[in-house]
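Working notes, structure below.
Just so it is clear: chains get the letters A, B, ... in the order the sequence lines come, proteins before strands, and each one is counted from 1.
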Amino acid sequence: MIDLRELREHPDVVRASQRARGADESLVDSLLSADADRRAAVSRADELRAEQKAFGRTVGKAPKEERPALLERGKELAAEVKAAAAAETAANEALTAAHKAIPNLIIDGVPAGGEDDFVTLKTVGEPRQFDFQPLDHLELGEKLGAIDMERGAKVSGARFYFLRGVGARLQLALLNLAIGKALAHGFTPMVPPVLVKPETMEGTGFLGEHAAEVYHLGDDDLYLVGTSEVPLAGYHAGEIIDLNDGPIRYAGWSSCFRREAGSYGKDTRGIIRVHQFDKVEMFVYARPEDAAAQHEQLLAFEEDMLQAMEIPYRVIDVAAGDLGTSAARKFDCEAWVPTQNAYRELTSTSNCTTFQARRLGIRYRDENGKPQVAATLNGTLATTRWLVAILENHQQEDGSVVVPQALQPLLGTDVLLPKQ
RNA sequence: GGUAGCGUGUCCGAGCGGCCUAAGGAGCACGCCUCGAAAGCGUGUGAGCGUGCAAGCGUUCCGUGGGUUCAAAUCCCACCGCUACCGCCA
């Protein structure tokens with residue numbers, strides 16, 4: 001949720017943000033009037049409650065014979081207070097609805113427009129020229145005995161898979177490397193719950209436009225997380241955290257679950273787009289003034305991992321209309337996938353400024369000891385999808401795959417060989 | 001899953017219908033005392049919302065949500081959590 005004080009003082013900034021996102025500008029005026037309505041309702045209810053309270057005290061002190069008359073007036077007051085309280089509740093609900101309808105304010109410099117209006121910030125490495133016909137990751141994975149989609153489908157359905165043998169080991173090595181690097185950067189490793197309560201899922205903003213993406217267990221009213229961002233953001237919900245020693249940073253390792261509703265027919269081959277995958281995710285709580293610098297750092301850590309995998313990639317500044325509700329800015333790293341002749345997203349880091357923390361009630365004390373809303377950020381350090389880029393970019397003509405140097409100690413080999 | 005007990009401020013803990021604007025203690029902060037410290041003494045010590053330039057004022061918050069009442073931390077109902085015991089279980 002955006003800052004209402006900011007909205008009252010600079011509604012034009014909010015309008016401009018909406019415009020850049022291609023979102024509805026009139027929502028800004030709806031929110032302004034809902035805000036004014038609520039404040040009027042609060043004032044009225046407060047006044048009536050004060051009157052009732054004072055009156056109630058006089059009843060308590062009054063001599064018995066005067067009470068019946070006073071009780072009469074008391075009942076009237078009670079009815080008025082009840083009505084005013086109901087009006088206040090309604091005004092609050094209307095405000096919340098209008099408030100949730102507006103996505104985060106974009107940061108200056110974010111490109112306007114939709115999915116295709118991103119700006120490429122840099123390109124690192126050269127796409128490799130093959131002197132043979134490269135295989136796609138699934139063919140390679142099958143030759144290596146690393147990926148089994150058919151049995152994944154047999155056991156669980158479409159978009160499920162087994163990683164086996166060197167495939168399973170490759171993923172474990174990759175995620176371990178990510179955790180090791182995170183640890184070296186001062187992150188606290190976390191293995192979070194992957195089932196969360198409605199209020200946690202709601203608070204992180206995933207039940208808005210992405211509601212159809214989320215698995216829900218009806219019998220228990222719990223949600224399967226699509227990223228450990230959800231439990232890691234919920235971790236400090238409702239708390240006043242201590243940021244005096246700098247940002248609080250976690251690296252979560254979890255399985256992630258996505259329904260992939262609406263993506264029928266897209267990326268149906270292999271493990272690019274699946275219902276379940278594993279991920280190491282960075283999550284940062286920071287003072288708002290430190291958020292932009294933290295964002296740059298998260299991006300740098302992602303690039304460091306990609307470089308360790310020796311994969312060509314580019315970094316894009318995602319356009320406003322493609323940011324999602326909570327993000328004020330988002331950088332994606334896209335790795336070169338040879339058989340698709342395209343860059344595909346491997347990491348995504350978002351600066352959510354105070355938007356997510358406001359909804360979750362995450363605050364810190366400023367230098368005056370006053371509680372202030374914190375900023376939150378997140379970024380990907382490694383996922384199952386990385387295997388696609390690793391396998392394809394490092395394949396050799398005989399179907400073997402060279403292991404990136406950084407993973408060799410973890411795998412105990414410098415090359416993965418096809419099964420005979 | 002069942003039964004019982006319990007959920008109060010940073011923490012401990014009293015309170016069991018109106019004087020709760022929440023006792024008392026601990027902790028913390030500041031001041032006095034001291035060469036310095038401890039002890040002692042004094043003062044202060046939450047969050048949200050509204051209003052105001054501000055000091056302040058008003059209101060809400062005693063696990064959560066409903067209800068009873070002129071009036072609820074206090075009574076009633078439901079839910080959640082914790083603890084103990086019983087049952088079941090990888």
- Rounded distance in Å between the P positions of B:rC80 and B:rU64: 15 Å
- Inter-nucleotide C1' distance (B:rU69, B:rG50), Å rounded: 27 Å
- Query: Taking the side chain as C-beta and beyond, is there a heavy-atom pair between A:Glu392 and A:Gln340 under 4.5 Å?
  - Reply: no
- Task: Would you mind telling me which of B:rA71, B:rG58, B:rG46 lies closest to the side-chain atoms of A:Ala78?
- Result: B:rA71
- Task: Run the numbers on A:Ser348 and A:Asp332 for side chain to side chain donor-acceptor pair (under 3.5 Å), then give the verdict.
- Result: CA-CA 4 Å; A:Ser348 183; A:Asp332 284 359; 2.8 Å; yes
- Query: Within the distance-only criterion (no hydrogens, no angle test), does the side chain of A:His137 pair as donor or acceptor with the backbone N or O of A:Arg385 below 3.5 angstrom?
  - Reply: no
- Using only side-chain N and O atoms of A:Gln52, determine if any of them is under 4.0 Å from OP1 or OP2 of B:rC70. no
- Message: In this structure, how many angstroms lie between the C1' atom of B:rC70 and the NZ atom of A:Lys82, rounded?
- Response: 13 Å
- Item | Rounded distance in Å - CD1 (A:Ile240) to P (B:rU45) | 17 Å
- Note on the structure: When rounded to whole Å, the CG to P distance for the pair A:Asp46 and B:rG56 reads 19 Å
- Query: Just checking A:Arg73: base, sugar-phosphate only, or nothing, at a heavy-atom cut-off of under 4.0 Å?
  - Reply: nothing
- Query: Is the shortest side-chain N/O distance from A:Lys197 to OP1 or OP2 of B:rC80 below 4.0 Å?
  - Reply: no
- Item | Nucleotide opposite B:rA4 in a Watson-Crick or G-U pair, distances under 3.5 Å | B:rU83
- Task: Could you check which nucleotide pairs with B:rC11 in any of the strands shown, counting Watson-Crick or G-U wobble with both distances under 3.5 Å?
- Result: B:rG25
- Task: With heavy atoms under 4.0 Å as the rule, sort A:Gly74 into base, sugar-phosphate or nothing.
- Result: sugar-phosphate
- Look at the rings of A:Phe331 and A:His295 and say which category their plane angle falls in: under 30° parallel, 30 to 60° tilted, over 60° perpendicular. parallel
- Item | OP1 or OP2 of B:rG58 under 4.0 Å from side-chain N/O of A:Arg49 | no
- Message: Tell me the interatomic distance from A:Glu199, atom CD, to B:rU64, atom C1', rounded to whole angstroms.
- Response: 10 Å
- Query: Counting any heavy atom closer than 4.0 Å, what does A:Arg8 reach on the DNA or RNA strands: base, sugar-phosphate only, or nothing?
  - Reply: sugar-phosphate
- Partner of B:rG58 under the Watson-Crick or G-U wobble criteria, both distances under 3.5 Å, comes out as B:rC49
- Task: Round to the nearest Å and state the distance from A:Glu47 atom CD to B:rG58 atom P.
- Result: 13 Å
- Task: Compare the minimum distances between each of B:rG58, B:rG50, B:rU60 and the side chain of A:Ala50, then state the nucleotide with the smallest one.
- Result: B:rG58
- Task: For nucleotides B:rC11 and B:rC28, find the distance between their P atoms and express it as a whole number of Å.
- Result: 15 Å
- Task: Could you tell me how the ring of A:Phe187 sits relative to the ring of A:Phe301: parallel (under 30°), tilted (30 to 60°) or perpendicular (over 60°)?
- Result: perpendicular
- Query: Whole-Å distance between B:rG50 C1' and A:Arg38 CZ?
  - Reply: 8 Å
- Task: Would you check if A:Leu135 and A:Thr339 make a side-chain contact, meaning some heavy-atom pair closer than 4.5 Å?
- Result: no
- Across every strand shown, the nucleotide meeting Watson-Crick or G-U wobble geometry with B:rG65 (both distances under 3.5 Å) is B:rC77
- Task: Would you mind reading off the distance between A:Arg44 atom CZ and B:rU60 atom P, rounded to a whole angstrom?
- Result: 16 Å
- Message: Quick check for you: among B:rG46, B:rG48, B:rG50, whose closest atom lies nearest to any side-chain atom of A:Pro371?
- Response: B:rG48
- Specify the separation, in whole Å, of atom CZ of A:Arg358 and atom C1' of B:rA47. 16 Å
- Message: Return the pairing partner of B:rG42 with a 3.5 Å limit on both distances, Watson-Crick or G-U wobble; otherwise return none.
- Response: B:rC30
- Item | Nucleotide nearest A:Leu71 (side chain, heavy atoms from C-beta), chosen from B:rG50, B:rU68, B:rC70 | B:rC70
